[in-house]
Number of protein chains: 2
Amino acid sequence: MIKRALKNINLLHSFECAARHQSYSKAAAELCISQAAVSQQMRQLEENLATQLFLRKSKSMLLTQQGKALLSGTQQAFKLLEKSINEITVEEIAGSLTISSTQAFTTLWLMPKLSDFSAQYPNINIRVMSSAQFEDLKEQHIDLAIRFGPRVKENTDSSLNCEYFGEDPVYPVCSEALTKKMDFKEPKDLLKTWLVSLENPGCYDWPSWFEHTNTQGYQEHQQWTEVHSTDMALNAVLNDHGFTLAARYLIIEQLKSGQLVMPINIPHPNVVKRYFVYDENSPKIARLNVFTNWLKQEMNATN
Amino acid sequence: MIKRALKNINLLHSFECAARHQSYSKAAAELCISQAAVSQQMRQLEENLATQLFLRKSKSMLLTQQGKALLSGTQQAFKLLEKSINEITVEEIAGSLTISSTQAFTTLWLMPKLSDFSAQYPNINIRVMSSAQFEDLKEQHIDLAIRFGPRVKENTDSSLNCEYFGEDPVYPVCSEALTKKMDFKEPKDLLKTWLVSLENPGCYDWPSWFEHTNTQGYQEHQQWTEVHSTDMALNAVLNDHGFTLAARYLIIEQLKSGQLVMPINIPHPNVVKRYFVYDENSPKIARLNVFTNWLKQEMNATN
DNA sequence: TTATATTATAAGCATAGCTTATAGTTGTAG
DNA sequence: CTACAACTATAAGCTATGCTTATAATATAA
């Protein structure tokens with residue numbers, strides 16, 4: 001009995017969950033398995049222990065006295081196990097983190113604010129990598145990827161967490177100096193100057209914006225400048241070179257200082273969704289949480 | 001990490017064993033699996049935890065600091081689990097037991113001594129069943145079967161314990177009164193009277209005894225009486241009806257009182273081996289142990 | 001009565017958990 | 001030095017466990 005029960009302790013883990021919820025279907029959801037699996041495991045466990053643990057009562061499961069005793073015991077035991085595993089696997093907060101994101105985000109948002117983070121958390125070293133691709137986190141030893149776009153979740157490996165943390169509109173922006181030379185009152189006025197676009201704009205492309213604003217004639221436009229990343233595009237625009245499309249969070253400071261303006265206040269039809277991609281089972285999870293919480297607060301404060 | 005480790009706690013169980021022994025092969029022996037399985041489980045666990053637990057050192061396994069910490073934690077946790085399971089599954093000593101054995105044993109040995117047991121353990125109720133077959137313990141709700149013979153072990157289901165607890169010789173016996181009417185000086189003298197045999201004597205049959213004693217002419221013997229069980233055979237013999245073959249432990253009291261004698265002190269070539277057959281995982285294991293220990297002591301005291 | 005929300009059961013598939021076989025390593029004895 | 005013993009590590013393959021989906025059963029509410 002005892003030997004047989006201790007031969008498959010995983011059943012006890014499922015039991016703790018089902019007993020806590022007093023519901024197989026809730027346990028199934030928590031354990032990410034089917035209700036039928038839970039039902040069969042509990043049947044197996046009751047058989048192994050030759051003891052009834054649940055009283056079936058219509059749509060819920062009351063616990064027998066034995067069930068209650070076993071719940072108490074298993075909870076204590078698993079708490080000990082979890083604590084023990086934590087002690088040997090989870091790193092303390094002090095240490096290093098490797099962050100990967102787009103060149104635009106790292107250059108325009110993260111690097112300017114990193115000193116704030118480092119002042120607040122001097123024991124956490126941040127290493128920043130920029131890339132336009134979705135690299136393999138494990139291969140590149142990346143602890144956290146900050147990614148943008150509409151398909152991040154679908155393109156993220158199922159073993160990783162993909163945590164949405166907000167979204168921003170995208171607008172056409174140009175320098176204030178340029179508005180002093182030319183009038184921009186409606187969308188079609190943008191066709192009077194250069195339009196800076198990305199090599200791979202994805203769904204944040206100029207044609208979508210023009211269609212969204214019912215602007216005719218953009219197909220015949222000749223003054224296109226194509227660049228590799230948004231920070232390069234913004235660099236060109238800051239030097240009076242026409243318009244580019246940019247997410248508002250990236251240019252908050254330049255909008256405040258007046259360097260950049262949004263003459264046409266019509267957002268792109270597609271918003272930029274932001275995600276953290278990380279492994280929740282990483283030993284660095286404690287440190288990761290510190291960083292992501294700080295970033296989320298900074299993002300909220302400046303938006 | 002933690003989630004993944006807690007998804008398969010059975011690995012931790014194997015770990016506790018391997019870490020305690022600091023040896024995969026010893027753990028394998030204790031767990032009744034192969035060394036290769038242990039090796040692979042430990043590799044899997046180390047991978048799940050992304051932590052080295054063992055330092056391979058020639059023919060043994062030293063524990064890392066993490067390994068030591070995890071050993072400590074797992075031992076505490078499993079002790080809790082075992083205690084918890086014990087509490088809900090193992091019955092206390094007071095209660096009932098169902099014992100099954102041969103009619104001869106129950107009638108001649110057990111029933112006469114049962115009052116002694118009951119006086120000593122008034123809180124244990126014994127229900128006795130006699131049968132010549134090896135019944136299914138589970139189906140018949142038998143807690144303990146006491147079985148005799150040379151092939152008990154082979155005929156016992158592998159899920160049950162088969163515990164040898166001694167053996168006895170078998171002798172030809174008759175009443176003292178009969179020896180006053182007839183002389184029995186050598187084995188062939190037994191052919192002058194009735195020989196009581198069992199319907200199913202197994203290997204404890206008269207022909208084997210006569211062959212063993214190099215006795216001629218038993219094949220022509222005409223005075224055979226066939227009965228169903230040894231207690232019936234002994235009943236006939238106690239009433240001066242010839243000889244029967246009986247295990248010595250069954251007739252100790254009658255030999256002492258002189259009712260029965262063994263004129264020819266040559267044992268049967270096959271001894272009677274005695275076994276307890278029970279489920280070591282039975283909730284009644286504590287009570288079972290009380291009974292079997294008492295029985296063993298009684299058997300030793302009277303032999 | 002039907003609809004809903006749960007648990008229970010059956011049948012089938014995939015993979016986890018073993019096995020056997022073998023390779024690799026170390027220590028010891030002759 | 002070689003041979004051997006005693007371990008652990010790894011690979012390949014098989015079987016049983018652990019799931020899944022589909023459906024049955026049951027209780028409750030409308």
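- One atom, CD1 of A/Ile9, and another, C1' of D/dG18, lie 17 Å apart when rounded to the nearest Å.
- The distance from atom CG of B/Leu55 to atom P of C/dT25 is 18 Å, rounded to the nearest whole Å.
- Between B/His13 atom NE2 and C/dA16 atom P there is a gap of 21 Å when expressed in whole angstrom units.
- For A/Ser101, there are no side chain to side chain donor-acceptor pair (under 3.5 Å) partners two or more places apart in sequence or in a different chain.
- In this entry the distance linking CG of B/Leu63 with P of D/dT8 reads 12 Å, nearest Å.
- The nearest whole Å value for the distance from the CG atom in A/Asn10 to the P atom in D/dT17 is 14 Å.
- Using bins of under 30°, 30° to 60° and over 60° for the plane-to-plane angle, the ring pair B/Phe54/B/Tyr24 lands in the perpendicular bin.
- Atom CG of B/Asn8 is separated from atom C1' of D/dT17 by 12 Å (rounded to the nearest Å).
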Run the side-chain donor-acceptor check on residues 30-41 of chain A: report pairs under 3.5 Å with partners two or more places apart or on a different chain.
residue	atom	partner	partner atom	Å
A/Glu30	OE1	A/Arg20	NH1	3.1
A/Glu30	OE1	A/His21	NE2	2.7
A/Glu30	OE2	A/Arg20	NH2	2.9
A/Ser34	OG	A/Ala37	N	3.2
A/Gln41	OE1	A/Ser14	OG	2.6

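- Remark: A/Lys153 engages no residue in a salt bridge (charged side-chain N to carboxylate O under 4.0 Å, His left out) (not counting sequence neighbours).
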So which protein N/O to nucleotides 13-15 of chain C N/O distances come out below 3.5 Å?
none

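- The CE atom of B/Met61 sits 19 Å away from the P atom of D/dA6 (whole-angstrom rounding).
- Applying the side chain to side chain donor-acceptor pair (under 3.5 Å) rule to B/Lys296 yields the partners B/Glu163; only residues at least two apart in sequence or on another chain are considered.
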Distance-only check: which donor-acceptor pairs under 3.5 Å involve side-chain atoms of residues 70-77 of chain A, not counting sequence neighbours?
residue	atom	partner	partner atom	Å
A/Thr74	OG1	A/Leu70	O	2.7
A/Thr74	OG1	A/Leu71	O	3.0
A/Gln75	NE2	A/Glu16	OE2	2.9

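- Between the CZ atom of A/Arg43 and the P atom of D/dT17 there is a distance of 14 Å, given to the nearest Å.
- Annotation: proximity of residues 20-42 of chain B to DNA chain C (heavy atom, distance under 4.0 Å) is found for B/Ile33, B/Ser34, B/Ala36, B/Ala37, B/Gln40, B/Gln41, numbered in ascending order.
- Dashed line: the shortest gap from a side-chain N or O of B/Arg56 to OP1 or OP2 of C/dT25 is not under 4.0 Å.
- For residues 64-96 of chain A, the set of pairs meeting the ring pair (Phe, Tyr, Trp, His ring centres under 6.0 Å) definition, not counting sequence neighbours, comprises A/His13-A/Phe78.
- Put simply, the side chain of A/Asn270 never gets that close to the backbone of A/Tyr204: no donor and acceptor are under 3.5 Å apart.
- Residues meeting the ring-ring contact (aromatic ring centres under 6.0 Å, His included) test with B/Tyr275, sequence neighbours left out: B/Tyr164.
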